Each structure stands twice: as structure tokens, then as C-alpha cells.
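Read through the structure below, which is laid out as C-alpha cells, and then see the notes.
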Amino acid sequence: MGQTVIIKAGGGASGRAEELLGGLNEPQRAAVTHGEGPLLILAGAGSGKTRVLTHRLAYLVFSGQAAPDQILAITFTNKAAREMRERAEALLQRSVQGLWIATFHSVCARMLRAHAELLGYTPSFTIYDQADSRRVVKRVLESLDVDTKRFAPALLQSRISQAKNELLSAGEVERSRGGFEELLAETYSRYERELQSANALDFDDLLRLTVRLFERHPEVRSRYALHFRHILIDEYQDTNLAQYRIVRLLADRTAAVRADAREELSAEEEKPPGARNLAVVGDDAQSIYGFRGADVRNILDFEADFPEARVIRLEQNYRSTQHILDAANALIANNSAALPKRLWSELGAGEPVRISELEDEHAEARYVVGEIERQLEGGRALSEIAVFYRTNAMSRVLEEALVRNQIPYRLIGAARFYERAEIKDALAYLSLLVNPRDSVAFLRAVATPRRGVGASSLARLQAYAAEQGLSLCELAASAESVPGVSRGAARGLRELAALLDSLRARIASGIEVAELIAATLRESGMIAALQAEDSPEAQGRIENLEQLVALAAELAGEPAAEPLSLERFLEQTALAGAAEEAQAADGPDGAVTLTTLHNAKGSEYPVVFIIGCEEGMIPHSRAIEEGGLEEERRLFYVGLTRAMRLLHLTRALRRYSFGASSYTMASRFLDELPAEQVLAESLVQEGWQGASRRALRPAAGGLQRSAGRRPAGAGTVGCGLQVAVGDDVLHDLFGEGVVTALDGPGAVVVRFASDGSERTLLTEYANLRRL
DNA sequence: TCAGTGACGTTTTTT
DNA sequence: ACGTCACTGA
């Protein structure tokens, strides 16, 4: 944005400082240079909040207020962490070693590895993702003889996760009596034991056990609290209780000093007591992770938590044109906001927000693809265009249309690379190499490829292992001594044990990670089994596995303090989130981005499409049931505010779900957008209309309902304007036209004089005036 | 033990 | 429509 003056290398410090602050306005500068004490940056969408945090990071290093490794910067995703590091280094014009820039989960994993023994784990613990822990929950439920039809593992798992995020132990859950609670408590406590004996932590444990580490071992907490001179946290509105506690424990340096009197106070002495150099950035209007335990009160109560906090508000938006912002502002005004903000921009009005109504999801996809092609013809790059949707499943129809039209795209999230069966199988072998107690990994590895070890043998093996207090891995080596295991199964088990031993020997002799993975794939027989399948799917899996090897080689090539260890590789794969992966290869000019609204947070694109703007999709029906309407609205708000120049919302009259096509109603959020900023058109095709209009009644009813809700007095006659065929009308964008037909309730066909085009417009949205 | 078959539930969202 | 899961026969 701003021009920066490059001072010649080794030039004056003041020049570089100016550069670090270049392009920032006054409030942003203040946030960047804020010295001691807590700082809350309340920043609206597109206000450059992450940029401010990044500049602050660079500024702290530059001004020597902290050594690089004394700064802890917490981002929401690993991708954001990488970007922050790159940008900070670009600002400083040098690479910086030792900076702690990572997600909460990564930071916690790092600290827990350093002190695992204090909590009864070994540093080689495995990190279980959701699927892994669901398997364990399922095993536990089976051992409890619970009907998994009535109580699904997923339900119990999510409740355990909730409890963990609220820092409740199994015992504490139990205190609330009742049938389900009792089951929950029992499952929780057994699940916990299972994980502990597997030397495994789930995602929630990473946070919860860090809290425990700090609370039970004040000397450890002191060490880190004193070590980190400055803490920066992005997306603070999405922190949960456990994360909040970690922040408090790290930020309270005074208590840390008291707790650890042995520590030298050197620099501490100069600081006022209670100084907490904590800078958090967030926007309560973008809090969209409540389902995961995020508590927006953390940001709302910041000033109460840190009474000496300075608060800086950033409301100017540098991203979007005013029409887009007006639409977003109007939408979010329907929420009971605790910290109302009104975004404004100097970028001009721009184009109106467009809403298009299509027949079904296929027509919607075709239409979006057509519009994308128009944008490309107009000079937009593929990488400047994004399509958002509420659920991952919605990407498929769109992908098909993009493939048909040979438009390259990258799919963020969805069937994530690391969650694919073959990748998880390969990782299971690797995990067993460092953590032989990992039971989930053992059960995976032993089953792929088939080794003649079936369910019954495994059940006996597990029972015996539990009885003897041995790990499955240990037992596998002497499988014939396990009662009830057949000779064939025993041979298979010994084979696996021997393979693992042989691979471990190579680790000991210092093999490269990539090479080790390749050897594992080869010698386990995984590749051979897939080759034998001889199907296109199997070929794809082989390619994925090859990618895994390539990934390890790539990671090993990155500059790092130490060579890539298998442990670090596994940790990265466990914590590497959705955001990384590109499904289809990017073309030479980049690719269109496809992502869920959740994954869209933190991004921006000149052209944004949001598809499926229907009741039940956004807001999602499950969310409505659970009373999460305001969070859904914030989610939609996040989507709207990603758009820089063109925002295009679409919806389908019919949509396929649960194996049947059914009629939809327009999202209530569309009704909440101001008519003045919106250009709506129905693109339901001729010949379809007779049928669709009749069937459309629910949707039409929805439109009328909203038309009634918004009285026609608010400076517009747009909604519900009564027109007849032959009337001359004026449209904000298309100018003068004549009504050529009435098209069902609320829709008119208008032929415009300017370009001769004939368009179907919804009177509710199109701000038509009679001439 | 395992491949093949049919019934069934599935869809929020993610570190 | 699709993947998962339980059941069945070899």
C-alpha cells in the first residue's frame, strides 16, 4: 500500500524504522509501536490487523525490545504462521532464527515435548487427530457394551472434546448426574486411560495438558513466562478457555517472578510490576468457532482481565468497496453486537452486490463457471477469484463444472491429504517407529496390507496385551505365545514386528526421513498391494504416497536449526491443517480458490462467489436447531467481507441432498442485505418456469414474508413496487427499461434500453423506480 | 480370514 | 449418491 523508502544496506536505523512503519496510518502505528503493557486491537474486517501484528513483531525485533526467541506470536493456522514469518523477515530484510511463530497447538506440542515426563508421557508421544480419537472412543464404547447406534462415537467424542476445552476432568463431568452424563464420564475416563497407555495426546490434550503443566509445575511456567518478553495473538476472538488460561499463565510475568525467586530479575526490575506485554488482535464480529469451544467473551472481557490495557480500534477497511461494506454492515447489524463497528472505505462505491437465483445446483455451478470465464476475459487472474460454500460436500458439483471447462482450481480443506486412508496408513507405520505404544497406529498398520491377521486374532491380542500390561507392538514379536492366536496370524504379526525392527535399525544409522518413508512403503508391501489392485484409484493412492515422500524431502530441504527428524515430520503432518493442500494442480496463471466459509477467514480476493445462499445451508439447519443463528450470520459476514471488488451470491431453487432433490428457500441473510447495494436477478430458465413457479411457492412465500418485513418507506420504493407490463422503470445500474412481463410473485422481466438486454429481476431487491 | 453384497446413515464448520 | 458397516458364503 504505502511507498517505502529503501535505505541503503547498513543505512541509518531511523530509516529502517520508518520503513517498518511505512504505509501505516496513525492508529496502526500506535498499535505497532505500543511499548509496555497489554494491548487490545479491535480490528474490523479488512483493516489490516494481521499486518499490524506482523509489523509489530518486526518492530520489536528491530528496536531490540526483545530478542527474536523472546517473542511468542500465535496465529490461527499454520499457513498464517508461515506468512507472518515471511512478511516479518521481508520487513527486516533478513532471516531471523528463533522466532516463535506458530499456532497454539504447535506451541503447546513443543513445550509438552520438552516436559512430557512431568506429566507421565514420553517425548515421543503421538498426536491423535479427530478420526484417531474417534476410533479410540468407539473401542471404549464397545468395551462398555454400549449400543453405538443410540450413542454414536462421534457424539461422545465431541462431548469429551467439549469437556476438555472447558478444562473439566472426567471426574468433574461425573458430578453432574444422569444417565448420559454417567456414560460420558465413564467413556471419558476410559478414553483418557487408553490414550495415556498409547502415549498419545489428542488435539484438546495439547492445550489442556499445557495448562496442567503450568499449573502443577510453577517452575516450568515461570521459565516460559519470564522468557517471553512479548506475546502477540491473532484472531483472539476464537480462543477457547484452555487457550485463554495458557495466555494468562504466560502473560502474568509478575506472578512468575514471585513464583521463581531464583530467576534473575535483571531486565524485570525495570518493568513496572504486573507489566504484561501482551498484544491481542481480533474482531468479535468474526467469531465463528463457537462449536469448538471458542468463547468470544475472552476478547470482550480483555479490558476487565487486564485493567491497564490500552485499546485501539481499527475500523477503516482497506479491502472492499463501499457497496460490499454496506451490505456487510447491514447484515451484521442484525446481531446483538457487543462492540458495534461500522466499516468504511475510501475505495469508492464499486459494483453492487449481485444475487442470482438458479434452477438447481448444477445450473448454479454452470452459472458460476460462466461468470468466472467472463471475469477471466475481463482480465482477472485465476488467483483473484474464489468460491465459498458452507459445507465441504458442496464443492463437488462445482469441481465437475470447473473440470469440464478446464479451469484450474485449488480446493482448500475437504478430503484432506493427511486424512486419506493410504496416507494415514503410511503415517501409522512411521508413528509406530517412534512410539511403539501407539495402539491406533498398530491396528492400522497391521491391517494394511493384509497379513492374515483378522478381527478375532486382534481381539485376543488386545485382551492379552491389556492383561499383561504390554503394548501391542511388543506382543506382536512373540505372537505365538498369545493364547488363541492362530499360526497364520502369529506369522503375520511377527512379520510386522520384524519390519519395524529393521526400520528402526535404519533410523539409528541416520537414514533421511524421505528415504525411510520410501523404504517403509516398499517393505511393508503397501505399494505392491496397491499395484496388484491395478485400478485408477489405486494408482492415485500410489501417487499420494509418492507425494508424501516428496513432502518429507521438501521439508528436509527447508532451512532449520536441526535436520528433519521423524518426530518433527510426524508432528508437522499431525498439526498441518486443512489450508495447505492443492487438489488440482495450479495452472501457470494460478487457480481459482474453492473453500468453505470457515477456511475463508483471513483471506481476500478481488472476486468472491458465495454459493448455496439458502435457508438450511447458510444458516445451516443444524446451527438453527442449536441456536447458533448469530454465529452463522457472522460466518456469512466473514464471507462477504473477503470480497475486494465483486461479490456475487448465488442460490438454487432446488438442491440435491440426502439423495433427493428438494425445494429451497432463500437465505434469510439475503433478506437482510440492503436493497440499495444489491442487484438481484432470477436466471431460472424458460420452460422450467411453469413447473418451478408452482413448486416454488415456499421460496416465493419467503420472499414475500421478507418484503412485508421491510416497510417501503426507508428511502426506497424498491421492495414490492407494483408494476404492470408496459411500465417504464429506472434501474440503478441498467438505467431505463420497460416491463415486458410479470414473472410470478415478486419478479418482473425488464428490457433495458441501454444494451437491449432482457433481465428477470426480483422487485424486492432490484431498486426499481417507476418513470 | 476375507471378498462381496446390501442396508443404512450421512452433511456443518476445524486446530 | 456415496461410503461405511454388518452379514454371508467360500
Side-chain angles (χ1 to χ4, degrees), chain A residues 74-81 102-109 127-131 133-134 138 148-149 152-154 158 161 164-165 201-208 235 238-240 242-243 287-294 361 388-397 400 412-416 418-419 421 447 449-459 485-489 491-492 533 537 571-572 574-580 595-602 612 616-626 628 631-632 634-636 638-639 655-661:
Chain A
I74 294 180
T75 57
F76 193 71
T77 63
N78 288 299
K79 181 167 170 257
T103 60
F104 266 110
H105 287 83
S106 301
V107 169
C108 290
I127 297 170
Y128 278 1
D129 69 9
Q130 204 177 17
S133 64
R134 180 137 67 228
K138 194 174 168 223
T148 51
K149 289 250 159 47
S158 108
S161 170
K164 285 187 172 187
N165 280 324
L201 309 189
D202 64 22
F203 276 27
D204 306 314
D205 285 337
L206 290 174
L207 306 175
R208 187 178 66 118
E235 308 285 11
D238 285 320
T239 50
N240 64 25
Q243 290 165 329
S287 153
I288 54 173
Y289 282 96
F291 68 91
R292 188 170 100 179
E361 70 270 32
F388 303 152
Y389 36 80
R390 176 65 230 269
T391 65
N392 281 307
M394 293 171 73
S395 70
R396 272 202 48 187
V397 178
E400 284 164 15
I412 306 206
R416 267 161 270 164
Y418 296 120
E419 284 173 19
R450 299 252 157 233
R451 290 194 172 78
V453 185
S456 54
S457 298
L458 282 178
V485 171
S486 70
R487 187 122 50 95
R491 204 181 57 217
E533 253 186 65
E537 292 84 15
E571 179 166 313
Q572 295 223 356
L575 296 178
E580 327 285 313
T595 183
T596 60
L597 286 163
H598 279 89
N599 262 325
K601 192 171 76 165
M617 296 300 319
I618 176 79
H620 197 275
S621 45
R622 292 286 284 270
I624 300 172
E625 282 166 32
E626 288 159 28
E631 181 154 312
E632 293 290 296
R634 290 192 292 268
L635 184 59
F636 199 57
V638 166
R655 186 173 295 277
Y656 229 80
S657 65
F658 291 103
S661 182

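All values reported here derive from a predicted model rather than from experimental measurement. Each chain gets a letter, A, B and so on, in the order its sequence line appears, and its residues count up from 1.
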**Prompt:** Just how far, in rounded Å, is C1' of B/dT10 from CZ of A/Arg655?
**Reply:** 17 Å

**Prompt:** Can you tell me if A/Asp205 uses its side chain to pair, donor with acceptor, with the backbone of A/Asp202 under 3.5 Å?
**Reply:** yes

**Request:** Send over the distance from A/Asp204 CG to B/dT14 P, rounded to a whole Å.
**Result:** 16 Å

**Message:** Using only atom types and a distance under 3.5 Å, with no angle test, would you say the side chain of A/Glu632 pairs donor to acceptor with the backbone of A/His620?
**Reply:** yes

**Complete:** Against the side chain of A/Arg292, the closest entry in B/dT11, B/dT14, B/dT13 is B/dT14

**Request:** Nearest whole angstrom, please: distance from the C1' of B/dT14 to the NE2 of A/His598.
**Result:** 8 Å

**Request:** Test side chain to side chain contact (heavy atoms under 4.5 Å, CB included) on A/Glu626 and A/Phe291 and set out the steps.
**Result:** CA-CA 10 Å; A/Glu626 288 159 28; A/Phe291 68 91; over 6 Å; no

**Asked** Could you go step by step and tell me if A/Ile288 and A/Val638 meet the side chain to side chain contact (heavy atoms under 4.5 Å, CB included) rule?
**Response** CA-CA 9 Å; A/Ile288 54 173; A/Val638 166; 4.2 Å; yes

**Asked** Rounded to the Å, how far apart are A/Asn240 CG and B/dT15 C1'?
**Response** 10 Å

**Request:** Name the closest nucleotide to the A/Lys138 side chain, picking from C/dC2, C/dC5, B/dT15.
**Result:** C/dC5

**Item:** Residue mapping more 5' on DNA chain B - nearest nucleotide basis, A/Ile288 or A/Arg451
**Value:** A/Arg451

**Prompt:** OP1, OP2 of B/dT13 versus side-chain N and O of A/Asn392: anything below 4.0 Å?
**Reply:** yes

**Request:** Considering just the side-chain nitrogens and oxygens of A/Arg450, establish if one lies under 4.0 Å of OP1 or OP2 belonging to B/dC2.
**Result:** yes

**Asked** How many Å lie between CD on A/Glu235 and P on B/dT13, as a whole number?
**Response** 20 Å

**Asked** Within the structure, does a side-chain N or O atom of A/Ser457 lie under 4.0 Å from either OP1 or OP2 of B/dT1?
**Response** yes

**Asked** Considering only side-chain heavy atoms of A/His620, which listed nucleotide, B/dT11, B/dT15, B/dT13, is closest?
**Response** B/dT11

**Expected output: side-chain A/Glu235 to main-chain A/Thr75 donor-acceptor under 3.5 Å** = no

**Prompt:** Counting side-chain heavy atoms from C-beta on, which of C/dA1, B/dT1, B/dT15 comes nearest to A/Ala489?
**Reply:** B/dT1

**Complete:** From the candidates B/dT15, C/dA1, B/dT14, the one with an atom nearest any side-chain atom of A/Thr596 is B/dT14

**Prompt:** Run the side chain to side chain contact (heavy atoms under 4.5 Å, CB included) check on A/Phe76 and A/Thr103 step by step: do they pass?
**Reply:** CA-CA 6 Å; A/Phe76 193 71; A/Thr103 60; over 6 Å; no

**Message:** Just the rounded figure in Å: distance from P of B/dT11 to OH of A/Tyr656.
**Reply:** 19 Å

**Fill in**
By nearest-nucleotide position on DNA chain B, the 5'-leaning member of A/Val453 and A/Glu626 is A/Val453

**Asked** Within this structure, what is the OH-to-P distance between A/Tyr128 and B/dT14, rounded to whole angstrom?
**Response** 23 Å

**Prompt:** On a whole-Å scale, what distance lies between the C1' atoms belonging to B/dT13 and C/dT4?
**Reply:** 22 Å

**Asked** Contact class for A/Phe104 vs. all strands (heavy atom < 4.0 Å): base, sugar-phosphate, or nothing?
**Response** nothing

**Item:** C1'-based separation of C/dA6 from B/dT11 [nearest Å]
**Value:** 23 Å

**Request:** For A/Glu631, report the nucleic acid contact type (base, sugar-phosphate, nothing); a contact means any heavy atom under 4.0 Å.
**Result:** nothing

**Request:** Check every atom of B/dT1, B/dT13, C/dC2 against the side chain of A/Phe291 and return the nucleotide holding the closest atom.
**Result:** B/dT13

**Asked** Which whole-number value in Å describes the distance from A/Phe203 CZ to B/dT15 C1'?
**Response** 6 Å

